[in-house]
Every structure is written in C-alpha cells, then in structure tokens.
Amino acid sequence: MSIGDTLDRYRASLLLALALLLLGTAAAYGATQLQGAISRQMRADAASAICASFQNQEYDALAEMVDPAPITPVAAQTFNRKTLIAQLQSIDQHQGRVSACSWHLLQADDESATYVFSLSRPQTPVPIGMLVIFRHEPTGDWRISRRSPFTSAPV
C-alpha cells in the first residue's frame with residue numbers, strides 16, 4: 001500500500017465522518033424543532049380544554065389540570081379540588097353558565113405560558129377576563145399553576 005492510497009483512505013474516512021456529523025446535527029435540530037411544535041400544540045390543547053371545561057361545567061376535569069403543588073405565599077395551603085369546584089359552581093349560580101369562551105396567548109417559553117381567557121356569562125354585561133398560568137411538567141404535560149386566579153384569588 002502506497003502513501004497515496006493511505007491518504008485517499010484517510011480523506012474518505014474524514015469526509016464520511018464529517019458527513020455523519022452533519023447528518024447527526026441536522027437530525028438533532030429537527031428533533032428539537034419537532035419537540036417544540038409538539039409542546040406548543042399540547043399547550044394549545046390544554047387552553048382549549050379549559051374553555052371546554054368552563055362551557056360544559058366540567059370542573060372536575062379542570063381541577064385535574066391544576067398542579068397541586070403549593071406556591072408561597074399566594075397558594076401555600078393544600079390544594080382542595082372540591083373547594084375550587086364549589087367556587088366555580090357558585091359563580092355559575094350567580095352569573096350564569098359560561099356561554100362563550102376564547103383565549104389568547106400572552107407569553108410563552110419552554111417552562112411556562114400565560115394565557116388570558118375571555119368568559120361570557122348571561123348575567124354579566126361584558127366578558128370576564130381571567131389569567132391562566134401554565135407550567136411545563138417534566139412529563140411533557142402543561143399543568144395550571146396555582147397562581148392562576150379562577151375565582152377572585154389563586155386556587
């Protein structure tokens with residue numbers, strides 16, 4: 001084997017290694033972009049589920065979406081889903097069932113998102129605005145932070 005053959009093999013090996021490196025980088029970038037798109041869709045699905053819960057009075061499903069972890073000082077006590085459900089049902093009794101619901105994304109990053117919801121009720125002359133803060137969980141789910149004021153105070 002001559003020195004020229006050895007150099008040709010070295011060049012071929014180097015080109016192959018560079019091609020694999022570029023393909024690997026492109027695949028990693030594509031996977032990151034796909035994960036971001038999936039995460040955004042899951043976040044939008046969670047926002048849609050909140051509207052559906054309000055319009056259908058499915059407050060148990062809504063309470064299931066709340067991250068029960070305490071947040072000091074605004075929600076330091078233990079999360080009580082029954083209390084939340086009772087508060088939302090009481091609002092329905094006084095202001096009427098939610099007849100229309102829409103949402104708009106205010107802020108989002110990889111760890112959290114803030115949405116503003118607009119709820120229309122028969123007994124209120126104008127739609128009611130409500131902030132909902134999402135936290136991204138390690139499982140990939142988006143959960144409602146207890147900082148979110150569904151009633152007049154955080155949950």
[X] side chain to [Y] backbone, donor-acceptor under 3.5 Å:
| X | Y | answer |
| --- | --- | --- |
| Arg121 | Val126 | no |
| Ser53 | Ala49 | yes |
| Ser99 | Ser120 | yes |
| Ser148 | Ile133 | yes |
| Asp109 | Glu111 | yes |
| Asn56 | Ala52 | yes |

Side-chain contact test, heavy atoms from C-beta onward, threshold under 4.5 Å: evaluate it for [X] versus [Y] and give yes or no.
| X | Y | result |
| --- | --- | --- |
| Arg81 | Asp60 | yes |
| Gln95 | Ile128 | yes |
| Phe54 | Met130 | yes |
| Ile50 | Phe134 | yes |
| His104 | Tyr115 | no |
| Trp103 | Cys51 | yes |
| Leu84 | Val66 | yes |

How long is the straight-line distance from OG1 of Thr72 back to CD of Gln77, given to the nearest 0.5 Å?
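Between atom CD of Gln77 and atom OG1 of Thr72 there are 11.0 Å.
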Is Arg135 paired with Asp67 through a side-chain N to carboxylate O contact shorter than 4.0 Å?
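So Asp67 pairs with Arg135 through a salt bridge.
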Are Leu62 and Glu58 close enough, and set up right, to give a side-chain contact (heavy atoms from CB on, under 4.5 Å), and what steps lead you there?
CA-CA 7 Å; Leu62 183 64; Glu58 295 172 346; over 6 Å; no
Same apolar cluster: Val98 and Val116, side chain cutoff 4.5 Å
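Not linked; separate clusters.
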Could you check whether the rings of Trp142 and His136 sit parallel, tilted or perpendicular, using 30° and 60° as the cut-offs?
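Plane angle between 30° and 60°, so tilted.
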